[in-house]
Amino acid sequence: MLSSEAFSQTVLNWFDEHGRHDLPWQTNKSPYFTWVSEIMLQQTQVSTVIPYFLHFTDTFPDVHALASAPLDQVLHLWTGLGYYARARNLHKTAQIISHELGGAFPNTLEEMEALPGIGRSTAGAILSISMGVRASILDGNVKRVLARFYAIDEWPGAPKVQAALWTYAEHNTPTHRVGDYTQAMMDLGATLCRRTKPACLLCPIQSHCQAYALGLTHVLPKARPKKHKPLKTTIMLIHFNEPREVWLEKRPAKGIWGGLWSLPETEELPDTVLKCLPVIKHSFSHYDLEITPALVKKPECFQVEEAKGLWYNLDQPQQSLGLAAPVKKLLASLK
DNA sequence: AATCCGGGGAG
DNA sequence: CTCCCAGGATT
């Protein structure tokens, strides 16, 4: 069994030689840049995040710029990234930091975790990477590395297992170079200890890896127990005005596509439908959605109230709006 | 078609 | 506590 010191030192040595050192958020490891990148990386792969991160930090170079921006603009820059609650919480937290904390991020785990959208792992990442505070992370990469290293034979998402993994994660976290160690563990999981086809022959801790010793690397970590996925249907109404603009409405702040702009929806086809466009299939982790886009002549099936919506110019959208992914695709296809 | 992912919020 | 929610990418 590797001591915690040997574990972290081995991983750090590997990181110096083979880790990623040129990611856009590594050029300026400020709490702000680190925070924005960690939130974006929560559900999303590095390669997807990079262009969003560059555009986002270019538009909002610091926490004050983000705090004073309209939420619609923040959601606009998030369009396509998914999990829009992340963008809403990012905006909320920016306002707390800008208005209540004098522009400075907190430097303890407790205070950091109290901010909207920042949980234990993200707090640990920001503290260790941008401030050198000894704190641990347990993201998907680290969970996979530890589940294999200790040959944990249960789904890592189960609360009991998760608690054990946190104990291992904290045990191995070093007292020096903690930011590099955080990055190193993420890199190890992302580049070598991949979900499929792990590159065990290149792994610095292979000789102490339980899963490798037992020939279980392809089985661990155990998959989440699967659930039945229902199919839901909806009809999205497309209504043009005279200059050929489309009527959009803002969705409620909570729930699916919260705060984003979308087409009015209905359960049944109204009489005023001119024609239906091909069905759009959209898949979520917990249900499948079939959208029937319907062109309507007159908006008898919904209210055109200026306060609730807006007319969207397909050729030159004048506003910065967040759009639900299938709506964005649909609008583009209407041009 | 199946799998993955951090955190918030409701029960 | 435990469950449920949420979107796109990858395989």
Side-chain angles (χ1 to χ4, degrees), chain A residues 34-52 75 78-93 96 109 112-127 135-148 155-163 165-166 169 182 185-186 189-191 193-198 218-232 234 251-260 262 280-291 322-330:
Chain A
T34 307
W35 167 57
V36 171
S37 69
E38 286 301 324
I39 299 299
M40 287 187 172
L41 287 164
Q42 274 176 2
Q43 318 301 2
T44 316
Q45 301 243 331
V46 166
S47 58
T48 305
V49 163
I50 288 175
Y52 282 90
L75 287 168
W78 209 269
T79 293
L81 259 190
Y83 286 98
Y84 299 94
R86 292 186 292 170
R88 296 195 299 274
N89 284 331
L90 204 68
H91 192 235
K92 234 187 274 175
T93 287
I96 293 171
L109 204 53
M112 193 72 89
E113 267 190 88
L115 295 167
I118 301 180
R120 185 172 173 184
S121 186
T122 302
I126 300 169
L127 287 168
S136 307
I137 61 161
L138 189 65
D139 71 347
N141 290 310
V142 178
K143 273 186 208 169
R144 192 167 52 252
V145 170
L146 296 178
R148 283 182 175 147
W155 175 53
K160 230 181 70 183
V161 182
Q162 175 115 342
L165 289 171
W166 267 115
T182 290
M185 287 298 284
M186 294 192 288
T191 65
C193 198
R194 299 173 294 238
R195 188 165 69 88
T196 56
K197 299 186 204 165
H218 62 294
V219 191
L220 303 180
K222 281 270 185 74
R224 158 200 279 273
K226 48 183 133 196
K227 276 185 292 195
H228 166 72
K229 232 174 149 183
L231 175 69
K232 300 188 183 186
T234 189
R251 302 185 60 90
K254 299 203 169 181
I256 178 177
W257 299 320
L260 299 192
S262 186
I280 298 169
K281 290 174 191 259
H282 195 77
S283 177
F284 296 101
S285 55
H286 53 307
Y287 64 90
D288 291 316
L289 182 63
E290 282 187 0
I291 303 165
L323 295 172
V327 175
K328 188 184 181 185
K329 255 186 250 171
L330 179 56

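Values reported hereafter were calculated over all heavy atoms of this structure, with side chains retained and with hydrogens, waters and symmetry mates removed. In what follows, chains are A, B, ... by sequence order, proteins preceding strands, each numbered from 1.
The CG atom of A:L323 sits 10.0 Å away from atom CG of A:L75, with the distance rounded to the nearest 0.5 Å.
Going from the P atom of C:dA9 to that of B:dG8 covers 24 Å, rounded to whole Å. Straight-line distance between the P atoms of C:dA6 and B:dG11: roughly 14 Å, to the nearest whole Å.
Nucleic acid contact for A:G157: none, since no nucleic acid atom lies under 4.0 Å from a heavy atom of the residue.
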Determine whether A:T44 and A:R86 satisfy the following criterion, side chain to side chain donor-acceptor pair (under 3.5 Å), listing intermediate values before the conclusion. CA-CA 11 Å; A:T44 316; A:R86 292 186 292 170; 3.2 Å; yes
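DNA chain C is contacted by both A:I256 and A:T196; A:I256 maps to the nucleotide lying nearer its 5′ end (nearest heavy atom per residue). Map A:P159 and A:L323 each onto its nearest nucleotide of DNA chain C; the residue landing nearer the 5' end is A:P159.
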Could you run through nucleotides 3-11 of chain B and give me one letter per nucleotide, 5' to 3': B if any protein heavy atom sits under 4.0 Å from the base, S if only the sugar-phosphate is that close, - if neither? SBBBSS---
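Side chain of A:W35 to main chain of A:I39: no donor-acceptor pair is present (N/O by atom type, distance under 3.5 Å, no hydrogens or angles). Of the possible polar contacts, none joining the A:Y84 side chain to the A:A324 backbone as a donor-acceptor pair under 3.5 Å is found. Distance alone, capped at 3.5 Å, places no donor-acceptor pair between the A:R144 side chain and the A:P221 backbone. A donor-acceptor pair is defined here as one N or O able to donate and one able to accept, closer than 3.5 Å; no such pair exists between the side chain of A:T182 and the backbone of A:A125. Checking side-chain atoms of A:R251 against main-chain N and O of A:G258 turns up no donor-acceptor pair under 3.5 Å.
Under the side chain to side chain contact (heavy atoms under 4.5 Å, CB included) rule, A:I280 has a single partner from A:L289, A:I291, A:V327, which is A:I291.
Bounding nucleotides for the chain A contact on DNA chain C, 5' to 3', at a heavy-atom distance below 4.0 Å, are C:dT2 to C:dT10.
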